[in-house]
Each structure stands twice: as C-alpha cells, then as structure tokens.
Protein chains: 2
Amino acid sequence: MPNLTDYIEEYIKKMLALSSDQCIEVKRRELAGKFSCVPSQINYVLERRFSPERGYLVESRRGGSGCIKIYRINGEQAKILQELIEDACKNSYDSERLRQLIERMREEKIISRREAAILEVVTGKDIYEALGLNPEQSIELRHRIFKEALHKLIKPGY
Amino acid sequence: MPNLTDYIEEYIKKMLALSSDQCIEVKRRELAGKFSCVPSQINYVLERRFSPERGYLVESRRGGSGCIKIYRINGEQAKILQELIEDACKNSYDSERLRQLIERMREEKIISRREAAILEVVTGKDIYEALGLNPEQSIELRHRIFKEALHKLIKPGY
DNA sequence: TTGAATCTGACCTTCTCTGACCAATATTAT
DNA sequence: ATAATATTGGTCAGAGAAGGTCAGATTCAA
C-alpha cells in the first residue's frame, strides 16, 4: 500500500526522532541503496516531504564526502512561516505592518538580520514616495516585492 | 564526514585563534606532512577557505626558508562592496547588468545565496513591468532599491 | 480515463585531491 | 661576484566522488 516515497519519508523521520538535535546527515547514495532505488529518488522525497512548508530544511554539499543534511525546524517556526506567507499573500499591508512582519520573522530566525535589513529597505515607503508614485501604486509594489521575495526564500534549496 | 579540506581549515583557524595578532606563518610542506597529503592540497584549502571574500589574506615567499602567512582581515568585504556600489551608483545599470553584479557578489561570498535571491527579485524587471510603470521610472526605482539595500548591508554591524 | 504522484536514467555541476611541471629565492661552491 | 644547487611555494589539468536536474515512463486514484 504505502509506496517507496512513504517508506523513505518514514525512515528519515524516524532518524530525526532518534537524533538529539533534530538534524540528521545522510549520504544520498547510501540511502538510495538502502531502499534499492535510484539516487534521484531521494531528491524527490526531500522535495515532496521535507519542504520548508512542511517544517523542514535541507542542505547539501557536493563532491568528495558530500552529504545531505535534514533539519526539522521547530513547529512554532513552521507555523509562523506559513502564517506569514498566507497573510502576506492575502493583501496589502501598509508599510508599518510589513515592518512588523519582517521584524517578527527575524526574531523567529526565519530570516537573518541581513535579510531582514534588505527586506525593510525594499519595502519601506521612503523609496517609492521619493519617486512620485501614487500611494496605491506604492502599496501594491511593496506588497508584490515582499511576496516574491518570500516565495523565493521558501523555495526548496533556499 | 568532514573531509581533509575541512580538517586543514579547522586546524588553521585554531592556530589563528591562538595567535595573538590574527596572523600565522606555516610551511607548506610541513602542514601537508601533518595531514599526509600532497603540498598543493594546502593551496587548495587556502584558495577555497581563506579567500579575501571570506575575510582572509594569504601571502607567501618561495625559496629557502620560504613560508606562507595567513592573516585574518576585517573590513575588506566592506571595501569591495563599497567599490561595487560606487560603480553601480555612478552608472545606472540596467536589470541584466544588476543581475550580473548580484551574481558576482554572491560568487565572491559578499552576500549569501538567499540575499542574492532577494536582491534579484527586487531588482528584476518583472515586478515593475506588471505594474505599468514606464521604463524610466522602472530603471530609476530598481537602481534606488539596489543602492539602498547595499548601503544597508555594509553598515557597521551587518 | 485522465491528471497527479511517483519513479527511473541520462546527463550536469560542484567539490576534493593528486601529481607533474613551473617559478622564485636562499645557500653554497668556484 | 657569479654560477650551480637546493629548497620552497605556485599552477594547472585531470580523475574521482558526491549531489542536482529534468524529461519521460509508470503507477495510482478520482
């Protein structure tokens, strides 16, 4: 009944549960070997079942003794991230609201201080007003930028 | 899991930490001997892990009693960024040019991949075109956003 | 039956490591 | 002094070892 992807997912989750720090390291080839499948199957599983949206982070290194690291980001963080994305995608926050969101993301360590700094600058109203955009355009643009940036950041691989 | 390069990097960093003045001197052969590898491996490590972009400076002297000096430097990144910014500020780069600049900064490790992703999104032309801005406004805005974001990043503390 | 999820394989990129050969500098012999 | 030699470090191409990507085949479920 369950398929290969399910088994691999289950296996990884067990490993994570056994790990002390919510973080495991695997070799793609080895793991694939353990399930007698092609290595890229592992990528598929990671993409589908261990995405940021589901509360996981994946990092990897190529080359000799390369590996794949899988982190569980704490449930709170994951929830906040989802909220933020949904929120931000619904509709136009004013610049103060956006600023608060960014601040919160930084506090929750979803983004770094530098990333927050960039986002604050590019979603601040000063830039747009100085250019003679009307308020509607300005809000729309900030909103758009924020959304796009967030989408980029939660993409697998980032 | 760590590989030879990691070990050598770690060793050098420990030495640096122990040094009083953020500067150490090593013999390439000796160091290679300590890790049972070929001498050029040391060059590889220095190139990959102790680049200026990562905040290090390497000097060497050949010949009898030659040696390699490794310094930890501060503020070098800021200098590189300053130059880039000045260039970008003088010449109003188009979106492709900006993209290349961002790419280069990422390659040089001045900004992270995530930071690069944000910058690429916010300076890409797609966002502005969809909003019906005329080309001049669009260019001006991208330019401004890029400048502001970078200025923020090189502020002390970032 | 049809569209989404799963799975495979061919090909690609990145990182590491080695070895042969090159370049520079100090030391020693003449 | 000058030339020869020894001692260092530098460069580069290539092999090998991971992991990544993507299109297409297959399977599954509505």
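In this text the structure is predicted, and so the values were computed from the model without any measurement. Every heavy atom of this structure was used, including side-chain atoms; hydrogens, water molecules and symmetry mates were not. Chain A is the first sequence line, chain B the second, and so forth, proteins listed ahead of strands; every chain is numbered from 1.
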message: Considering every strand and a 4.0 Å limit on heavy-atom distances, what is the contact class for Leu4(B): base, sugar-phosphate, or nothing?
response: sugar-phosphate
message: Taking any heavy-atom pair under 4.0 Å as a contact, classify Gly66(B): base, sugar-phosphate, or nothing.
response: sugar-phosphate
For [X] and [N], give me the distance from atom [atom1] to atom [atom2], rounded to whole Å.
X: Asn43(A); N: dA5(C); atom1: CG; atom2: C1'; result: 16 Å
X: Ile42(A); N: dA18(D); atom1: CD1; atom2: P; result: 15 Å
X: Glu30(A); N: dA17(D); atom1: CD; atom2: C1'; result: 13 Å
X: Glu59(A); N: dG20(D); atom1: CD; atom2: P; result: 12 Å
X: Phe50(A); N: dG20(D); atom1: CZ; atom2: P; result: 15 Å
X: Ile68(B); N: dG10(D); atom1: CD1; atom2: C1'; result: 9 Å
X: Asp6(A); N: dA4(C); atom1: CG; atom2: C1'; result: 15 Å
X: Leu46(A); N: dA18(D); atom1: CG; atom2: P; result: 17 Å

message: Using a distance-only criterion (donor-acceptor N/O pair, under 3.5 Å, no hydrogens), is the base of dT13(C) paired with the side chain of Arg62(A)?
response: yes
query: Nearest to the side chain of Gln41(B), which nucleotide is it out of dT6(C), dG10(D), dT18(C)?
result: dT18(C)
query: Choosing from dT18(C), dC17(C), dC7(C), which nucleotide comes nearest the side chain of Asn3(A)?
result: dC7(C)
task: Evaluate salt bridge (charged side-chain N to carboxylate O under 4.0 Å, His left out) for Glu148(B) paired with Arg144(B), printing each intermediate quantity in order.
output: CA-CA 6 Å; Glu148(B) 293 294 324; Arg144(B) 223 180 246 267; over 6 Å; no
So, does [X] get its side chain near the phosphate of [N], meaning an N or O under 4.0 Å from OP1 or OP2?
X: Thr5(B); N: dC15(C); answer: no
X: Arg61(A); N: dA17(D); answer: no
X: Arg49(B); N: dT16(C); answer: yes
X: Tyr44(A); N: dT6(C); answer: yes
X: Arg48(A); N: dA5(C); answer: yes
X: Ser40(B); N: dG19(C); answer: no

Does the side chain of [X] reach to within under 4.5 Å of the side chain of [Y], using non-hydrogen atoms?
X: Glu59(B); Y: Tyr71(B); value: yes
X: Val26(B); Y: Ile12(B); value: no
X: Arg49(A); Y: Ile8(A); value: no

Partner of Arg72(A) under side-chain contact (heavy atoms from CB on, under 4.5 Å), chosen from Arg54(A), Lys13(A), Gln22(A): Gln22(A)
